[in-house]
2 protein chains.
Amino acid sequence: MTPQIPTLDDVAREADVSTATVSRCLNEKQKVSPKTLDRVMKTVEKLGYTPNFNARAMAAKRSFTIGAIIPTMENAIFARGLQAFQETLHELGYNLLVSSSAYQPKLEAEQVRELVARGADGLLLIGYERDQKIYDYLDGRNIPTVLAWASSPDAAHAFVGFDNQGAMRSLADTVIEMGHRRIGVISGATNGNDRAAGRLAGIKESMRAHGFDANDLNIIETQYEIERGGEAFEQLMKATPKPTVVMCGNDVLATGAISKARELGLDIPNDVSVTGFDDIELASHVWPPLTTVHVPHREMGRVAAHVLIDQIEKRSTKVGHELNVSIVMRDSLKRIKVQDP
Amino acid sequence: MTPQIPTLDDVAREADVSTATVSRCLNEKQKVSPKTLDRVMKTVEKLGYTPNFNARAMAAKRSFTIGAIIPTMENAIFARGLQAFQETLHELGYNLLVSSSAYQPKLEAEQVRELVARGADGLLLIGYERDQKIYDYLDGRNIPTVLAWASSPDAAHAFVGFDNQGAMRSLADTVIEMGHRRIGVISGATNGNDRAAGRLAGIKESMRAHGFDANDLNIIETQYEIERGGEAFEQLMKATPKPTVVMCGNDVLATGAISKARELGLDIPNDVSVTGFDDIELASHVWPPLTTVHVPHREMGRVAAHVLIDQIEKRSTKVGHELNVSIVMRDSLKRIKVQDP
DNA sequence: GAATCGAGTGTAAGCGCTTACACTTGCGGA
DNA sequence: TCCGCAAGTGTAAGCGCTTACACTCGATTC
């Protein structure tokens, strides 16, 4: 009943060579004579042999596996970048293990240990804000790590990302220059989320730079879900006077806002403007199309993979890559006549 | 320089017990005296010991890991169900490993082997249509597998899903009963995708049942992306006379269609109706809200986890769970006066 | 012709864990 | 008092692979 799964020993016996030779055929073909190689590979085929990954990782002390921990799989924010990350890793001969932390620092910490225990050769984490213990653990075990989706201010670790605060600041600059003074903000939860915090800080910074009081901002923090964005928007619209623009922490929230606006009978951008962040595929397909910050997700994933593997293979020094983002003007943001706040 | 990572032996030595006892403290606490347990756990803490996963899986011949292969992470279709699957597995003491096959059967086959080689105790696959060799491989190694997002007609494997064809047939029935005769279809690529094929077949079936010729359908197959949906929609609209309704293989395609309609100056549902499939979060937030088929994704994930773990732990017989889906009427589909095709 | 060499192969020692089995206690019952 | 037994612990044999090192042998070199 119990099926006998072929092992490397079985192959060796059947092909009449040593286990070392079989192992070489699988990993370092050039060290084996063509004749032997051929015979061994045929045997592998014949027996339907698949190397046991755990045994391999254990013996070689290398797993050719990279772990990634993202806050959520439930929306598209990370999907695209992660996909590119994966594809690039694959080209470089590595595999990807993904887990999601549901935006919970504690879960993330658990998963870091889990992935390391699984023998990950390196890790991709999102953002830089986390318990120092995690970094210590990683450093203690010498696990190369790259932080993405943000730029690490202290450069203690390699990162590939962009300046969330700066990007949002320039979007806010644009908004203000277009005449808006009463600005509503729907931010992602900033607690433990440096990206969300950075974006929010960018708006405040812009306010101050233009001589306004950042406290005048009407800010709601909520989760990154369409539904939540809608609720927050409705809340903001209860203020008197209404904001003339609602800046959202990402495109998902903005989508919720736009949807709710229609429900409330508000016209975007004539009654109120809306902005997003990320430029996910959806952003250009909602109505009206979303003015947002374009983030080069695929490039970020690709570069992150290279940075990480470089660290692993060449032990190159830790580097930071700051990617350029750009503002994409679409119809959801409109110039208005300046009016006092 | 090379940091010395603590092993179970280190803990044993430090706590002055045997490795067996440490192992028991970690896995079968009840077999150890409270005093010893306490001492060992303190030592574990002190050394910062984390068990090596590969070694454990190897020695125990169990990994408490489940593998899942989904066609894509790039859109929301699978995200929600997978999330629920993961959460449920976690409750049951298992971990999840995810890979994506990019809708390529060959990649999927590779990843099945990969996950099995990694020691997965069980697998979640999407749909039932795949090379028999994969099933043979799985059966040969006795790897419990559950198929989701579809119902397996031959019941050779456990499945948790729903009747794609039946669901789409009833949606088509509704569409026809609402007066539509000229039906355009934007289908996902049916090749190797039983869900897409089933949905398409459902529409055809409905046509025939109503006495129409299924060949009259104007069908475009394309990839599940917003952009592709838009292109297909534009293509369909070139026909004379235009279809009165466009039925889409899923909500993503439908979103693309709706977006493109606006671009073309067409009003939905007055100029043309649109339907989707899946009822992802977005479906109720596009404008107009999408008439679609509601699929209980979370429930599917949850049930799939239980079915799979039951198979693994109790060697229960293979079962099939067919979940109920329902049609959600929203504004994108409108009743019209019957007109000859 | 002997010394040298390198290509190809084999031997065997682990990698860090689990677990069957053997062993040591201390206890209650006969 | 002695035995049996259960609870707690230790011993050691693997799990399936990689790889340092040793070995063989035909081809070069001088």
inquiry  = Would you say the ring centers of B:H157 and B:Y135 fall short of 6.0 Å from each other?
reply    = yes
inquiry  = Can you give me the closest heavy-atom contact between A:N142 and A:P144, atom names plus distance?
reply    = O-CD, 3.2 Å
message = Under a 4.0 Å threshold between the charged nitrogen and the carboxylate oxygen, would A:D38 count as salt-bridged to A:K42?
response = yes
note = Contacted region of DNA chain C by chain A, from 5' end to 3' end of the hits, cut-off under 4.0 Å to heavy atoms, spans C:dG8 to C:dG16
message = Students often get this wrong, so: under 4.0 angstrom with heavy atoms, is A:F53 touching a base, only sugar-phosphate, or nothing?
response = nothing
note = Taking for B:P34 and for B:A59 the nucleotide of DNA chain D with the nearest heavy atom, the one nearer the 5' end belongs to B:P34
request  = Between A:K61 and B:Q30, just flag the one whose closest nucleotide in DNA chain D comes earlier from the 5' side.
outcome  = B:Q30
task = Could you check which residues of residues 10-27 of chain A get a heavy atom under 4.0 Å from DNA chain D? Sort them by number, please.
result = A:A20, A:S23, A:R24, A:N27
task = Report yes if the side chains of B:L138 and B:L125 come closer than 4.5 Å at any heavy-atom pair, otherwise no.
result = yes
message = Given the ring of B:Y137, does B:R113 sit roughly above its face, with NZ or CZ under 6.0 Å from the centre of the six-membered ring and within 45° of the axis?
response = yes
inquiry  = Here's one to test your reading of the geometry: is the NZ or CZ of A:R62 within 45 degrees of the ring axis of A:F64 and under 6.0 Å from its centre?
reply    = yes
key: Ion pair B:D136/B:K133, N-O distance below 4.0 Å   = no
message = Quick check: B:F78 with B:W149 (ring centres under 6.0 Å apart)?
response = yes
